[in-house]
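Encoded as C-alpha cells, the structure appears first; notes follow it.
As the structure lists them, so they are numbered: ligands from 1, and atoms in each ligand from 1.
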Amino acid sequence: MPDITVTLAHEADFTGWRSATRSLAGRHTPPADIAWRIATHPESAALPAPDPAAARFTVPRAVMELAAIMVQSALPDRFALAYALVYDHLTGVPADEDAVARMAEAKDDVLAQTRHLRDEIREALSRHDGTPLYQGRVDTLGLVPESNARFLTLQRSFAPWQLDMPDRTLRWTGHEMLHEAPGQTPRPLDPTSLPPPALPMVPDLDIARITSLRAVALAAKTCLICPMAAHATQTVFGEGRETARMMFVGEQPGDIEDRAGRPFVGPAGQLFDRALHEAGIGRDDTYVTNTVKHFKFRRTPTRRIHEKAGPAEIAACAPWLAAERRIIRPAVVVMLGVTAASALLGRAVTISRERSRIIPLEDGSDGLVTVHPSYLLRLPDEAARAREYDRFVNDLRLAAGCLGPVVT
Ligand code: URA
C-alpha cells in the first residue's frame, strides 16, 4: 500500500511531476510507495514539500525526454511509469521488462499522434477563414494536444484558438489557456506546466506563418536546427521596435551577447551605440539583429574564441532573419560586415566594393553595406581607426538619409 500520495494539478502536470520526482527520488523513495493522483480542483493539488535532505541528482536528457513523453501518453499509470524510469536510472535497478515494452509502445504512439496533430493543425490553419478565433476538432487520446498547445499558439501568433476533443476542450483566449470538461467549471492551465512536445517545435514549425515578432522570438528559443544551439548559452534574437524603419544586421552574438541574451551589448555594441548617436540615430528607434542567432566559438582553457559562422549556420538561421524582415518591414536594412551582406544579398560580397551606396533589396527596402563594428575595434593604427570610424558614421548617416530627416 503506497504511503505517499502526490496530487498533481492537472492531467498533464509535468512540472508538478518533476518537482515531486526531484524530492522523492532524491530520498530514494521506491516507486511502489507513491500513489499519483490528479486534483479535482486546482486548489487540492499537493506535492511533497521540497526536502533539503534529498540528494540533488541529474538524469540524462534522454531519460527526461522519455519521461515527458510518458506524461502526455494515454496510459493511466503514466506518472508512475515516468517516476520509475528516473528511479531505476538513479538506483541502477534494471527496468521491468513489461514497463519497458509499454513505454516503447506509448512513445511510438505519442510521436505518431504529435505528427498527425501538427499535420491536421497546419492543414486546418491553411484553410482557416481568418476570423479572430480558430476552432478545430481533434480525436486524440492522451495529452498530446496539451503538450502541443504552445506549438499552436505560436502558429497563431498568440491569436485565440480552441481545440474540441471528445472529452474536453482546450482554449487559448489570447491571454490564458483554459481547460474545460463537461460538468466542470473551466480551469486555467499554466502553459509552462505542460510537458514539452515529443517533437521539437522547430524545424517543423511553419515560421513563415507566424505573424507576431513575440511569437517568432519565442519559437527561436526552441530552435535546434543547427548544432550551435546545443553549444551556445541561448538564442540571441533581435531586439528593438516592431515598427522600426531601420534594421541593422550583424554577424552573430559574441561572448558577452551569448551570456546576456541580447545583441550588440559587448565592446562592438558599445562602439556601435556611439556611432549611432553621432549619426543622430536613436537605437531605441531601430531594430538590431544578427544573421546567426547563436554564438559559435572554440574553447581554450581560459576563453571562448569567436569562430566565423559558416554557410550551414547562415542557412539554418535564414528563416528567423526572414521572419524578422517580413514582420518589421524596415525601409532600410544596414548590413554590418560581410556575413550579413552575403546572407542578405545572396552572393559573395567584398565590403570595399559594395559599401556606402544604396542597394535595392528584393522586398522593396533599401540596403546599405558597411563594415562591422568589430573591424574598427581590431584596427591597430589609431589614425586608421579614427578615419574608418568616421566613414562608418557617414554610412549610418547615409542609411538614415533614406528615411527623410527624422528616424521614427
Ligand atoms: N557582433 C555581432 O555581429 N553581433 C553582436 O550581437 C555582437 C557582436
> Do Arg115 and Asp119 meet the salt-bridge criterion of a basic N to acidic O distance under 4.0 Å?
Replying inline: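 Result for this pair is no, no salt bridge flagged.
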>> Under the ring-ring contact (aromatic ring centres under 6.0 Å, His included) definition, can you give me all pairs with a residue in residues 353-378, not counting sequence neighbours?
In response: Phe264-His372
> Under the side chain to side chain donor-acceptor pair (under 3.5 Å) test, which residues partner Thr140, sequence neighbours left out?
Replying inline: none
> With sequence neighbours left out, what residues match Phe297 under ring-ring contact (aromatic ring centres under 6.0 Å, His included)?
Replying inline: His231, Phe295
>> I'd like the residue list for ligand 1, meaning every protein residue with a non-hydrogen atom under 4.0 Å from the ligand.
In response: Gly250, Glu251, Gln252, Pro253, Gly254, Glu257, Pro263, Phe264, Asn290, His372
> Has Arg156 got its NZ or CZ under 6.0 Å from the middle of the six-membered ring of Tyr134, at an angle within 45 degrees of the ring axis?
Replying inline: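 Geometry flag: not set, cation outside 6.0 Å or 45°.
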> How about His306 and Glu251: does a side-chain donor come under 3.5 Å of a side-chain acceptor?
Replying inline: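 There is such a pair between these side chains.
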